[in-house]
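What follows is a set of notes on a single structure, which appears directly below.
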Amino acid sequence: QVQLVDSGGGLVQPGGSLRLSCAGSGVTLDLYAVGWFRQVPGKEGEGVSFISSNDLFTYYENSLKGRFTISRDNAKNTVYLQMNSLKPEDTAVYYCAAGTYQLATVPNRYDYWGQGTQVTVSS
C-alpha cells in the first residue's frame, strides 16, 4: 500500500522557519517527481514547489523563490520543503504529492498524496 506522510507543520512567528517532510512507504520516491501544494480554506489550491525524479530540475512558485527549498534524502525515502522567512500569507495546509509527470504543477498530474500538515504563521 502506497502512503505519503506529511509532517513538520506547526505554529511559527513571522520570519521563522519550518521544514516539512514527505515520507514515502510502499513507494520509492526517487522514482517519482514530487510536488508540494498548499490550500487555504475558501481559496484555490496553489502549487508551491516541485522536484523531478532525477533531481536535476526544481521549480518554485515565483513569490517563493529564495525562501523555500525542496530537496530529497533518498536513503530516508523522504522529500523536504525548507521554508524560511515565513510570512502570515504562507499559512495553509501543505500537501506533498508524487507522480510520474516531471515537474507538473497541477494536482491532477499526481498519483499519490499525503494527508497534509498545517502551517500557521502568526505572532
Side-chain angles (χ1 to χ4, degrees):
Q1 182 181 357
V2 175
Q3 189 175 14
L4 301 183
V5 178
D6 303 328
S7 63
L11 173 63
V12 63
Q13 292 187 343
S17 297
L18 285 172
R19 188 178 75 161
L20 305 184
S21 299
C22 174
S25 65
V27 60
T28 303
L29 280 182
D30 63 1
L31 299 179
Y32 290 82
V34 175
W36 285 96
F37 295 83
R38 64 187 182 184
Q39 177 76 54
V40 176
K43 294 187 178 181
E44 190 172 339
E46 177 183 34
V48 172
S49 182
F50 308 90
I51 186 166
S52 62
S53 60
N54 54 15
D55 292 359
L56 287 180
F57 303 103
T58 57
Y59 174 87
Y60 299 91
E61 196 278 331
N62 277 338
S63 68
L64 305 176
K65 289 179 182 178
R67 296 196 299 123
F68 287 17
T69 302
I70 190 170
S71 63
R72 292 180 188 268
D73 184 335
N74 291 333
K76 295 183 178 179
N77 204 29
T78 299
V79 173
Y80 301 101
L81 183 68
Q82 177 69 44
M83 306 188 297
N84 299 327
S85 302
L86 283 163
K87 304 175 181 180
E89 52 264 42
D90 294 319
T91 296
V93 179
Y94 285 70
Y95 299 88
C96 73
T100 56
Y101 287 89
Q102 299 302 321
L103 295 183
T105 60
V106 292
N108 63 10
R109 292 298 193 183
Y110 288 85
D111 302 309
Y112 307 112
W113 288 82
Q115 82 287 359
T117 185
Q118 176 70 48
V119 171
T120 302
V121 184
S122 175
S123 56

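Bear in mind that the values here come from a model prediction, so they are computed numbers and not experimental data.
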- Kindly compute the distance separating CH2 (Trp36) from OG1 (Thr117), expressed to the nearest 0.5 Å. 7.5 Å
- Item | Linked hydrophobic residues, Tyr110 as query - side chain contacts closer than 4.5 Å | Phe37, Phe50, Leu56, Phe57, Tyr59, Val93, Tyr95, Leu103, Trp113
- Item | Smallest separation among heavy atoms of Leu29 and Ala98, with atom names | CD2-CB, 4.0 Å
- Determine whether Leu20 and Tyr80 make a side-chain contact, defined as any pair of heavy atoms from C-beta on separated by less than 4.5 Å. no
- Message: Do Leu86 and Leu11 land in one hydrophobic cluster if side-chain heavy atoms of ILVMFWY residues count as linked below 4.5 Å?
- Response: no
- Message: Using modelled atom types and a 3.5 Å cut-off, is there a donor and acceptor pairing between side-chain atoms of Asn84 and backbone atoms of Ser17?
- Response: no
- Item | Interatomic spacing from CD in Gln102 to CD1 in Ile51 - rounded to 0.5 Å | 10.0 Å
- Just wondering, do Leu81 and Phe68 contact through their side chains at under 4.5 Å, heavy atoms? yes
- Pairwise side-chain contact, Met83 with Val119, heavy-atom cut-off 4.5 Å (strictly under): yes
- Task: Please check if the side chain of Asp111 supplies one atom and the backbone of Gly99 the other of a donor-acceptor pair under 3.5 Å.
- Result: no
- Do the side chains of Pro88 and Pro14 get nearer than 4.5 Å, heavy atoms only? yes
- State yes or no: do Tyr32 and Val106 share one hydrophobic cluster built from I, L, V, M, F, W and Y residues joined by side-chain heavy-atom distances below 4.5 Å, directly or via other members? no
- Task: Could you check if a side-chain atom of Lys87 sits within less than 4.5 angstrom of a side-chain atom of Arg67, using non-hydrogen atoms only?
- Result: yes
- Message: A cation-pi test, strictly: NZ or CZ of Arg38 under 6.0 Å from the centre of the six-membered ring of Tyr94 and no more than 45 degrees from its axis. Yes or no?
- Response: no
- Candidate pair Gln82 and Ser71, rule side-chain contact (heavy atoms from CB on, under 4.5 Å), full reasoning: CA-CA 8 Å; Gln82 177 69 44; Ser71 63; over 6 Å; no
Only pairs under 3.5 Å count here: list side-chain donor-acceptor contacts from residues 1-10, not counting sequence neighbours, and write none if there are none.
from, atom 1, to, atom 2, distance (Å)
Asp6, OD1, Cys96, N, 3.4
Asp6, OD2, Gln115, N, 3.4
Asp6, OD2, Gly116, N, 2.7

- Query: So how far is it from Asp90 CG to Glu46 CD, rounded to the nearest 0.5 Å?
  - Reply: 9.0 Å
- Query: Do Val79 and Ile70 come within less than 4.5 Å of each other through their side chains, counting heavy atoms only?
  - Reply: yes
- Query: Roughly how far, to the nearest 0.5 Å, is CG of Leu64 from OG of Ser49?
  - Reply: 8.0 Å
- Message: Looking at every heavy atom in both Glu61 and Gly47, which two are closest together, and how far apart are they?
- Response: CB-O, 3.5 Å
- Could you tell me whether Asp55 and Arg72 make a salt bridge, using a distance below 4.0 angstrom between a side-chain N and a carboxylate O? yes
- Tell me, do Ser21 and Thr78 make a side-chain contact under 4.5 Å, heavy atoms counted? yes
- Query: Is there a donor-acceptor contact under 3.5 Å linking the side chains of Thr28 and Asp30?
  - Reply: no
